[in-house]
**Student:** 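Take a look at this one; I'll ask things after.
Since we're looking at a predicted model, the values are computed, not measured.
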Amino acid sequence: MNNTALDRALLSRYERGFQFCCVSGFIITCVGLVANFLVYKTSRRLDKKYTCTHLIGYLAVWDSIAALQDGVMNLGLDLLGLHPADNVNSVICKLFHYHSWASSMTANFHVVALALDRVVAIYAPFWHKTHSSENSAMKMSFACAIFNYLVVAPNFYIFKVMDGTCQIDFSHGVQLLGIYLNTINYGLFSGAPFIILFVSNIVFLVTLAKYKNNRNEKLNKSSPSKSSLPPTSRDESTLDKSKLDSGKYCSVYCGDTGNSLEMNSSMENDGKLTSKTNGNLLSPNDLGSSLIEEHSNIDDEEKQPMTQKISKRSATVQFVKSKASSMLSLSDKKSREKKRSQDRAIIIMLMVISCSFLLLTATTGALNVASIGVTGADEVSQARRNLISASAEIPIVINNSINFFFYFASFASFRNSFIAMVRS
């Protein structure tokens with residue numbers, strides 16, 4: 001009597017838990033479908049020269065397919081007792097489980113593809129730059145899909161409808177099927193992606209540490225002592241850059257007097273160097289665009305010997321040439337720094353996604369292992385197995401639905417593109 005009452009209480013509890021998991025999974029899936037659609041639309045507005053931006057869009061597509069399969073067909077219809085693979089012919093049963101397994105694994109492998117793309121970008125940047133394109137991302141996406149749909153092809157052979165339920169037919173050989181199921185569930189579905197993403201995260205952490213060290217070293221090198229710099233009395237922001245762009249003039253301001261000296265780079269017929277003071281310009285024909293900078297203080301140009309004038313002029317020309325070279329490389333440095341900042345943001349985003357994937361797949365694996373320990377053919381044991389199976393689906397559905405929020409929180413380019421898309 002007491003055992004019967006206890007069994008009924010447990011059965012009621014397991015059934016309520018199963019219903020809660022089904023409703024929760026269905027709601028999460030609906031939110032995830034909308035979020036993945038926004039991810040795909042936003043990814044089309046990101047920088048198209050990066051392979052990973054295209055992979056983000058393809059991942060959103062496969063996440064939607066997997067979430068629809070797991071959250072709607074598995075959990076939502078199970079709640080209503082209308083599982084599409086039950087009480088139908090064996091062809092639909094086989095097709096359902098074939099597509100369900102393959103789509104979930106393909107979505108997982110797209111996360112792995114994103115991580116490997118970043119690892120290649122870190123260790124082979126030149127090769128990655130020349131091969132990064134939408135075409136490369138499409139090839140990687142197709143490779144993930146083809147591989148996984150081929151791997152789970154035995155599902156057409158092992159699944160069939162028995163007693164009105166679509167299930168595995170163990171009459172083909174328990175040991176052989178056990179090897180296959182363990183390889184798929186714990187090897188390809190979670191094990192291999194787990195290991196690859198774990199190693200990738202270690203690489204990402206090391207790379208971020210190197211970025212930080214390089215940045216600190218550059219900051220230390222970019223603050224030289226004042227004694228190593230020529231005397232200045234004007235801010236570079238006050239210089240007339242239109243004269244720099246003309247490629248004709250270069251002005252050298254005197255540190256002590258604030259005057260400027262105009263010198264022609266060519267010599268006059270009598271061998272003397274023409275010069276003027278009081279704010280005129282230096283015009284060396286062979287320099288092109290140069291940086292306006294204070295350099296020398298000349299009190300009386302006419303009284304100086306010719307050799308001293310030429311020496312001062314040579315020093316001035318050499319100094320301006322070096323500053324011009326620094327100015328020309330400034331845009332390249334800014335471009336490299338911008339790319340490094342973009343790479344850092346992508347790495348952080350992938351680390352967030354990878355850690356989420358590792359946590360959720362580990363939870364699913366633990367629940368699947370727990371379900372193995374539930375034995376018995378009675379009603380209570382069956383209800384408990386159903387609850388554990390439904391609970392194992394929840395992390396999978398969350399994993400296929402949550403990436404939008406990670407992108408928005410950790411990837412500034414994605415966030416800015418999404419806000420711009422909403423405003424437009």
Side-chain angles (χ1 to χ4, degrees), residues 6-40 59-88 92-93 95-97 99-108 159 164-167 185 189-190 353 356-357 359-374 376 378-409:
L6 179 61
D7 290 344
R8 289 179 179 176
L10 290 175
L11 181 61
S12 177
R13 183 182 301 176
Y14 292 152
E15 288 178 347
R16 287 197 303 269
F18 175 77
Q19 293 173 1
F20 175 79
C21 289
C22 291
V23 172
S24 300
F26 181 78
I27 294 174
I28 293 170
T29 299
C30 293
V31 175
L33 291 175
V34 176
N36 287 328
F37 174 77
L38 295 177
V39 169
Y40 180 80
L59 173 61
V61 173
W62 284 103
D63 273 342
S64 299
I65 295 173
L68 186 66
Q69 188 89 21
D70 294 326
V72 175
M73 294 187 175
N74 280 351
L75 295 178
L77 296 181
D78 269 351
L79 180 62
L80 303 176
L82 300 174
H83 196 284
D86 293 340
N87 301 312
V88 292
I92 297 178
C93 166
L95 183 62
F96 177 86
H97 285 282
H99 178 66
S100 176
W101 289 28
S103 60
S104 296
M105 291 171 60
T106 302
N108 291 351
F159 277 95
T165 304
C166 183
Q167 54 186 297
N185 291 329
F189 179 77
S190 57
I353 296 174
S356 169
F357 176 86
L359 178 62
L360 293 172
T361 52
T363 304
T364 299
L367 290 172
N368 287 332
V369 171
S371 65
I372 298 176
V374 180
D378 58 286
E379 193 175 15
V380 175
S381 299
Q382 183 62 39
R384 187 179 180 185
R385 279 193 295 270
N386 291 339
L387 174 60
I388 296 176
S389 298
S391 300
E393 294 283 350
I394 296 297
I396 299 175
V397 172
I398 293 175
N399 183 53
N400 295 328
S401 306
I402 203 172
N403 285 343
F404 168 81
F405 305 99
F406 290 148
Y407 297 150
F408 190 87

**Student:** Between atom OG of Ser356 and atom CD1 of Ile398, what is the distance when rounded to the nearest 0.5 Å?
**Tutor:**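 Rounded to the nearest 0.5 Å, the OG-CD1 separation comes out at 8.5 Å.
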**Student:** If only side-chain N and O atoms count, and only distance matters, is there a donor-acceptor pair under 3.5 Å linking Arg16 with Gln19?
**Tutor:**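 Checked: Gln19/Arg16 side chains show no N/O donor-acceptor pair below 3.5 Å.
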**Student:** Check whether any side-chain heavy atom of Asn386 lies under 4.5 Å from a side-chain heavy atom of Tyr14, and answer yes or no.
**Tutor:**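 Sidechains of Tyr14 and Asn386: no contact.
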**Student:** Considering non-hydrogen atoms only, spot the tightest contact between Gly25 and Val397 and give its length.
**Tutor:**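 Looks like O-CG1, 3.7 Å.
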**Student:** If you look at every heavy atom in Ala383 and Leu11, which pair is closest and at what distance?
**Tutor:**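 Looking at all heavy atoms of both residues, the closest pair is CB-CD1, 3.5 Å.
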**Student:** Is the backbone of Ile396 close enough, under 3.5 Å, to the side chain of Asn400 for a donor and an acceptor to pair up by distance?
**Tutor:**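 Answer holds: yes.
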**Student:** Got Arg13 and Leu387 here, is their nearest side-chain heavy-atom distance under 4.5 Å?
**Tutor:**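 SC-SC contact between Arg13 and Leu387 ruled out.
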**Student:** Working to the nearest 0.5 Å, report the span between CG of Leu38 and CZ of Phe405.
**Tutor:**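 Those atoms lie 9.0 Å apart.
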**Student:** Decide yes or no for Arg385 and Ile388: does some side-chain heavy atom of the first lie under 4.5 Å from some side-chain heavy atom of the second?
**Tutor:**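 The answer is no, as the side chains (C-beta and beyond) never meet within the 4.5 Å cut-off.
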**Student:** To the closest 0.5 Å, what do you measure between CD (Glu393) and OG1 (Thr364)?
**Tutor:**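 OG1 of Thr364 is found 8.0 Å from CD of Glu393.
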**Student:** If you round to the nearest 0.5 Å, how far is OG1 of Thr106 from CG of Asp63?
**Tutor:**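 Nearest 0.5 Å value for the CG-OG1 distance: 11.0 Å.
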**Student:** If you define the side chain from C-beta out and look only at heavy atoms, does anything of Phe189 sit under 4.5 Å from Ser104?
**Tutor:**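 Side chain of Phe189 against side chain of Ser104, heavy atoms only: contact under 4.5 Å found.
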**Student:** State, yes or no, whether a side-chain contact exists between Asp70 and Ser100 at a heavy-atom distance under 4.5 Å.
**Tutor:**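 Side-chain contact under 4.5 Å: yes.
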**Student:** So which heavy atom on Ser103 is nearest to which on Ile65, and how close?
**Tutor:**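 Heavy atoms only, the tightest pair is CB-CG2, 3.9 Å.
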**Student:** Please work out which of the three classes, parallel, tilted or perpendicular, describes the rings of Phe159 and His97, given edges at 30° and 60°.
**Tutor:**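 The arrangement is parallel - the two ring planes meet at less than 30°.
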**Student:** I want to check something: taking the side chain as every heavy atom from C-beta on, are Leu75 and Ile394 in contact at a cut-off of under 4.5 Å?
**Tutor:**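 Leu75 vs Ile394: side chains touch.
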**Student:** As a test of understanding, state which of Leu59, Val39, Leu33 forms a side chain to side chain contact (heavy atoms under 4.5 Å, CB included) with Ser64.
**Tutor:**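 One option only clears the test, and that one is Leu33.
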**Student:** Counting C-beta onward and ignoring hydrogens, is there a side-chain heavy-atom pair between Cys22 and Phe26 closer than 4.5 Å?
**Tutor:**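 A side-chain contact is absent here, since even the closest heavy-atom pair is not under 4.5 Å.
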